[in-house]
Every structure is written in structure tokens, then in C-alpha cells.
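Working notes, structure below.
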Amino acid sequence: VLNTNKLQLSEENGLHILVLSQYDAKVLIHRVFPTTAYGMSLGIIPLLHSIAPGRILVMAVKNDAGLNLSKPIRNYFKTMGAQQSHNLPYHGYFAWISTVGGSVLAEGIINDSSGDLGFILSPVHIQVQVPLMEPESCRSSLVGPLEVARSQFCQRYDGYGDLCACFEQTPLQIPT
């Protein structure tokens, strides 16, 4: 079970995206998109699209990301199962935990776009237990030294799409 109390976001403002291993909850990717600046969110969709299915995805807004999240990004959140986060207003904050290609496990949002509620810069609290998988549950049918190296690489890194997919991996050698 993943203990999210151990996850620490950096001091940077914007949209934080963490990708965790579904086997041991190690952080594989931690990217911050400073969405207070126009155009800085362009890499969000390619990053989310490149994550291997089954990984644990954690997203959180620190100090307003709603200003420059484009409609395509918001729509992409919706296709990933967002119930609220795609409607994030200016001065809105959210936290979201899901499995890539699976279900949204938790989603929380604070909407204080007017500032009248006094929630500006307030944290979003969500609590969820994420069951971890056994490493043996993802065994490739491919064998050989290159596949061992691939497995070791994919246990440490993500963002390489089908190269690190659990099933139907991209072949490392193309038959001639």
C-alpha cells in the first residue's frame, strides 16, 4: 500500500506530476509544469501519453495552475477519468491519484476562484490506499539479455511508452 504522506512536492509552483512504480511506489518521474507562465504546459499531454499502463499517477496543483491549462489539456484529463479536475478555475487547486490506463482512485478540488471563501493557497487533502502489485505479475514472454536490461531499465524509469509496457512491449530487435 502506498503511503502518500511520504511524498514531498518541491517548492515550485504549477502542476506537479509524479509517476510511481506500481510495484514499490518508487518515484520514476517528477516533473513540474510552471503553468503560471503561458505555454509552459505544452509538455503535459506528451508526458502523460508516454507513461506505461499500470503506473501510479499523482498530480497536484501548487499555487494556481488553472490560468494557463489549455482546453486540450483539460479534455485529456477528462479522457483519463477526471470528474472535477478538468474544470479547474483560476485560483483553483486539485490533487489526483490514478492508475495509468485504469481508474481514478482519488480526486479533490478546491474552487475559490472569487477568493471569497478564503481558500487561496489552501492545501487539497485526499486520502487513498493504493494496492501495489507483485513484480511477478508483469513478466514478459520475451527472453534474452536485452530483455533483462529492458526490465531493469523500466523498473527505474518511465516515459518511454510501449518500451516499458507490461504486455505487448515494443520489440528491441526488428526481424529482418
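Only a predicted model underlies this, so the values are computations on that prediction, with no experimental measurement involved.
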Any chance you could measure Leu132, atom CG, to Tyr23, atom OH, to the nearest 0.5 Å? 11.0 Å
Interatomic distance, CD1@Ile17 vs CD1@Ile29, rounded to 0.5 Å, equals 9.0 Å
Going hydrophobic residue to hydrophobic residue with side-chain gaps under 4.5 angstrom, can you get from Tyr76 over to Leu42? no
Working to the nearest 0.5 angstrom, can you tell me the gap between Thr99 OG1 and Ile51 CD1? 11.5 Å
Residues passing the side chain to side chain contact (heavy atoms under 4.5 Å, CB included) test with Ala149, sequence neighbours excluded, are none
Can you see which heavy atom on Val104 is nearest to which on Met80, and at what distance? CG2-O, 3.7 Å
Over all heavy atoms of both residues, which pair between Ile126 and Trp96 is shortest? Give the atoms and the distance, please. CD1-N, 4.1 Å
Please report the interatomic distance OG(Ser98) to CG(Leu48), rounded to the nearest 0.5 Å. 9.0 Å
Is there a donor-acceptor pair under 3.5 Å between the side chain of Gln83 and the backbone N or O of Glu107? no
Closest non-hydrogen atom pair, Leu15 against Phe94: CD1-CZ, 3.8 Å
Approximate separation, where rounding is to 0.5 Å, of Leu20 CG and His30 NE2: 10.0 Å
Is the closest side-chain heavy-atom distance between Leu57 and Val19 below 4.5 Å? yes
If every non-hydrogen atom of Gln129 is compared with every non-hydrogen atom of Pro131, which pair is closest and at what distance? O-CD, 3.6 Å
Heavy-atom pair of closest approach, residues Ala106 and Val128: CB-CB, 3.9 Å
When rounded to the nearest 0.5 Å, the distance separating CD1 of Ile56 from CG of Leu105 is 8.0 Å
Among pairs that include at least one residue of residues 28-37, which meet salt bridge (charged side-chain N to carboxylate O under 4.0 Å, His left out), considering only residues two or more places apart or in two chains? none
